[in-house]
Amino acid sequence: MVSGAAAPGIYDAALQRRQALMGASGPAALVKNFRVFSIAMFACIGGLLYGYNQGVFSGVLVMNSFKGHMQDYASDRPEDQSKKGWLTSILELGAWFGCLFSGFVAEVFSRKRGILFATGIFIIGVVVQVTAITGVGHNSILAGRFITGMGVGSLSMIVPMYNAEVAPPEVRGSLIALQQLAICAGIMISFWIDYGTNYIGGTGATQSDAAWLVPICLQLFPAVVLFGGILFMPFSPRWLVHHGREAEARSVLAQLRDLPQDHELVELEFMEIQAQSMFEKRTLREHFPHLAEYTPWNVFKLQFVAIGSLFKTKAMFKRVIVATVTMFFQQWTGINAVLYYAPTIFKSLGLGGNTTSLLATGVVGIVMFLATIPSVLYIDKLGRKPILTIGAIGMASCHIVIAGIVAKYRDSWDTHPAAGWAAVAMVWLFVVHFGYSWGPCAWIIVAEIWPISNRPYGIALGASSNWMNNFIVGQVTPDMISGISYGTYLVFGILTFIGAAFIWWFVPETKRLTLEEMDVIFGSEGTAQADFERMEEINKEIGLDRLTRNIGQNTPPEYDEKHEKGIHEEIKTG
């Protein structure tokens with residue numbers, strides 16, 4: 001599968017016309033598109049599960065009743081830090097596997113049913129974790145967190161893709177950013193639930209098992225709501241077109257935009273989706289005629305073709321670099337080191353006792369949630385690049401300051417409590433910078449840069465980079481904190497400065513472009529001339545060139561009914 005080559009003149013005209021019709025981005029655009037905004041918010045319950053699962057374990061890990069069931073796996077002894085790392089990071093290993101197979105599920109069964117499948121796996125994983133109370137101990141937690149991770153990883157890939165595909169361009173960044181806001185909400189809720197349940201039965205040796213069972217079991221409620229409610233959500237119009245259900249796709253697209261089906265904006269967006277789908281199917285027919293029939297078995301085999309195609313052209317390989325390296329730097333900012341081990345980190349900064357460290361951890365959740373809100377409102381107005389660059393510089397600076405404080409006062413926190421609180425404040429400021437920048441923006445970029453047929457596999461590749469680096473960070477953080485102390489923050493700080501440079505010099509700006517126009521900004525001029533000719537032919541067949549020539553008209557051109565029916569039949573058959 002080759003990246004779609006678009007005739008730049010047609011897409012430039014289409015872009016100008018669409019931007020004139022769709023209006024400005026920002027909070028008002030979210031109100032204008034309230035229907036799709038509410039659908040995206042519901043889908044983001046998947047992000048809530050992701051965030052809650054990320055945050056809840058940091059508090060559970062330091063509870064005395066939980067430690068009693070985990071033996072060496074929750075010990076504070078230096079020689080047991082690797083085991084503690086496994087107990088935490090095995091979720092990320094499961095998520096890595098989950099996001100890899102979810103591309104096939106999302107393509108064959110739809111994005112909507114993929115969310116249903118991933119939520120079911122998540123529920124099974126939570127139930128397995130609860131069995132730790134029966135005496136299975138750490139084995140149950142390890143197995144349950146791996147299974148839960150598979151569900152979380154799949155949701156982390158499919159939900160942004162679903163939101164990207166149902167969103168109009170002027171609010172697409174905001175709707176994808178809702179995923180990160182939901183993640184932050186989950187983290188915030190989990191931190192404060194941990195803080196509250198820590199008192200069940202007392203905070204010492206008498207602590208009840210309910211202190212950690214309640215936070216784990218509460219995940220089931222939003223999971224069940226998502227599992228049932230997603231059945232009533234619309235399919236992605238882009239998935240419908242690609243699977244030959246274009247009458248339904250046009251209807252869904254009009255409902256999502258809250259416009260009549262014959263409105264020029266709906267017609268323009270539908271034609272671009274149609275053209276991209278036809279281009280990819282014709283290219284597939286030419287290069288892989290034995291896989292042209294769109295059956296589940298062929299789609300399974302096409303996964304490997306699609307993944308291979310990501311590395312065959314300069315334009316597609318640049319997308320791979322942008323997605324995987326962006327996610328590498330997102331994780332090596334150290335954000336999940338803070339989320340997974342916040343109580344441990346705050347203890348190392350001089351805050352004594354579980355209660356105080358859990359309280360400081362709760363503040364992390366609040367400031368991250370609040371800091372993410374501006375991105376949801378203004379990301380499509382300000383753009384991705386400046387926000388990512390500024391956020392990276394801010395996070396890196398916080399790391400360097402923390403490293404200096406720890407280097408000077410790590411052996412004298414008792415006599416310099418103000419230094420400890422200054423370091424804690426810098427952790428909170430670090431979380432603020434992450435909340436408005438790399439939290440939402442990294443996922444936005446990964447979700448929006450791919451063509452239709454490659455999108456499930458491209459997003460899966462980017463998400464797999466996120467989860468594999470997430471796993472590594474979760475595994476090594478306990479050893480780094482106990483072994484190199486302030487060097488931990490220097491490592492994260494230096495890598496984050498490099499991340500800022502990568503974004504500024506290598507990543508293109510993607511705000512307010514349709515998903516189909518990404519081919520142009522990622523260098524479609526390097527695509528073979530045959531691809532240009534194929535796309536131009538398709539644009540003429542479906543009338544996109546005529547629509548853009550009539551740029552001042554408010555109604556789409558008329559089509560020959562038999563000719564349009566023939567085009568629709570081609571999309572169905574591939």
Side-chain angles (χ1 to χ4, degrees), residues 4 6 10-11 13-23 25 29-40 42-43 110-112 162-172 175 231-281 452 512-517 538-574:
I10 289 177
Y11 277 128
L15 174 63
Q16 292 171 13
R17 182 58 178 156
R18 185 187 310 100
Q19 293 198 348
L21 289 167
M22 68 189 183
S25 300
L30 292 174
V31 176
K32 177 183 174 183
N33 293 279
F34 181 76
R35 178 173 296 176
V36 71
F37 178 62
S38 59
I39 290 170
F42 184 83
S110 80
R111 287 53 162 146
K112 165 176 154 173
Y162 178 78
N163 284 353
E165 292 188 355
V166 301
E170 68 268 30
V171 296
R172 187 181 60 245
L175 297 192
L231 295 171
F232 301 96
M233 296 296 106
F235 288 97
S236 158
R238 288 169 169 83
W239 181 85
L240 289 170
V241 167
H242 209 57
H243 285 256
R245 296 162 60 176
E246 66 165 20
E248 185 180 352
R250 189 192 293 265
S251 174
V252 168
L253 189 62
Q255 290 173 10
L256 290 171
R257 305 296 176 260
D258 202 19
L259 294 169
Q261 289 193 36
D262 60 352
H263 192 279
E264 184 179 357
L265 191 59
V266 173
E267 190 67 27
L268 186 58
E269 186 173 359
F270 179 78
M271 281 185 176
E272 289 186 316
I273 297 170
Q274 190 181 36
Q276 183 70 30
S277 178
M278 289 177 66
F279 171 83
E280 290 167 1
K281 287 186 175 182
I452 293 174
R512 292 178 65 84
L513 299 175
T514 68
L515 297 177
E516 288 66 44
E517 287 160 349
I538 290 169
N539 287 332
K540 290 177 182 178
E541 286 184 27
I542 66 176
L544 182 57
D545 62 333
R546 282 180 288 161
L547 184 61
T548 54
R549 282 200 304 268
N550 291 279
I551 206 159
Q553 297 182 3
N554 292 323
T555 57
E558 297 296 329
Y559 305 94
D560 179 75
E561 187 175 331
K562 292 182 180 179
H563 178 63
E564 186 173 356
K565 184 177 180 181
I567 294 172
H568 294 180
E569 186 62 32
E570 178 182 0
I571 292 178
K572 291 179 182 178
T573 60

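Numbers here simply count residues along the sequence, with the first being 1.
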Subject >> All ring-ring contact (aromatic ring centres under 6.0 Å, His included) counterparts of Phe37, not counting sequence neighbours >> reply: none
Original post:
Among all residues two or more places apart in sequence or in another chain, which pass the side-chain hydrogen bond (donor to acceptor under 3.5 Å, both in side chains) test with Gln261?
Top reply: none
**OP:** Using the six-membered ring of Phe270, assess whether NZ or CZ of Arg250 lies under 6.0 Å from its centre and within 45 degrees of the ring axis.
**Re:** yes
Original post:
If every non-hydrogen atom of Ala254 is compared with every non-hydrogen atom of Val266, which pair is closest and at what distance?
Top reply: CA-CG2, 4.2 Å
**OP:** Check whether any side-chain heavy atom of Arg257 lies under 4.5 Å from a side-chain heavy atom of His263, and answer yes or no.
**Re:** no
**OP:** Grab the two heavy atoms, one from Val36 and one from Pro168, that are nearest each other, plus how far apart they are.
**Re:** CG1-CD, 3.9 Å
Original post:
How many angstroms lie between NZ in Lys32 and CG in Asp258, if you round to the nearest 0.5 Å?
Top reply: 10.5 Å
**OP:** Hey, could you give me the CZ/CG distance between Arg35 and Leu259, rounded to the nearest 0.5 Å?
**Re:** 9.5 Å
Original post:
Is the shortest heavy-atom distance from the side chain of Trp239 to the side chain of Ser277 under 4.5 Å?
Top reply: no
Subject >> Considering all heavy atoms, the nearest Phe235-Tyr162 contact >> reply: C-CE1, 4.5 Å
Original post:
Do you know the tightest heavy-atom contact between Ser236 and Glu165?
Top reply: OG-OE1, 2.5 Å
Subject >> CE-OG distance between Met233 and Ser110, expressed to the nearest 0.5 angstrom >> reply: 13.0 Å
Original post:
Are Glu269 and Arg238 close enough, and set up right, to give a salt bridge (charged side-chain N to carboxylate O under 4.0 Å, His left out), and what steps lead you there?
Top reply: CA-CA 10 Å; Glu269 186 173 359; Arg238 288 169 169 83; 3.4 Å; yes
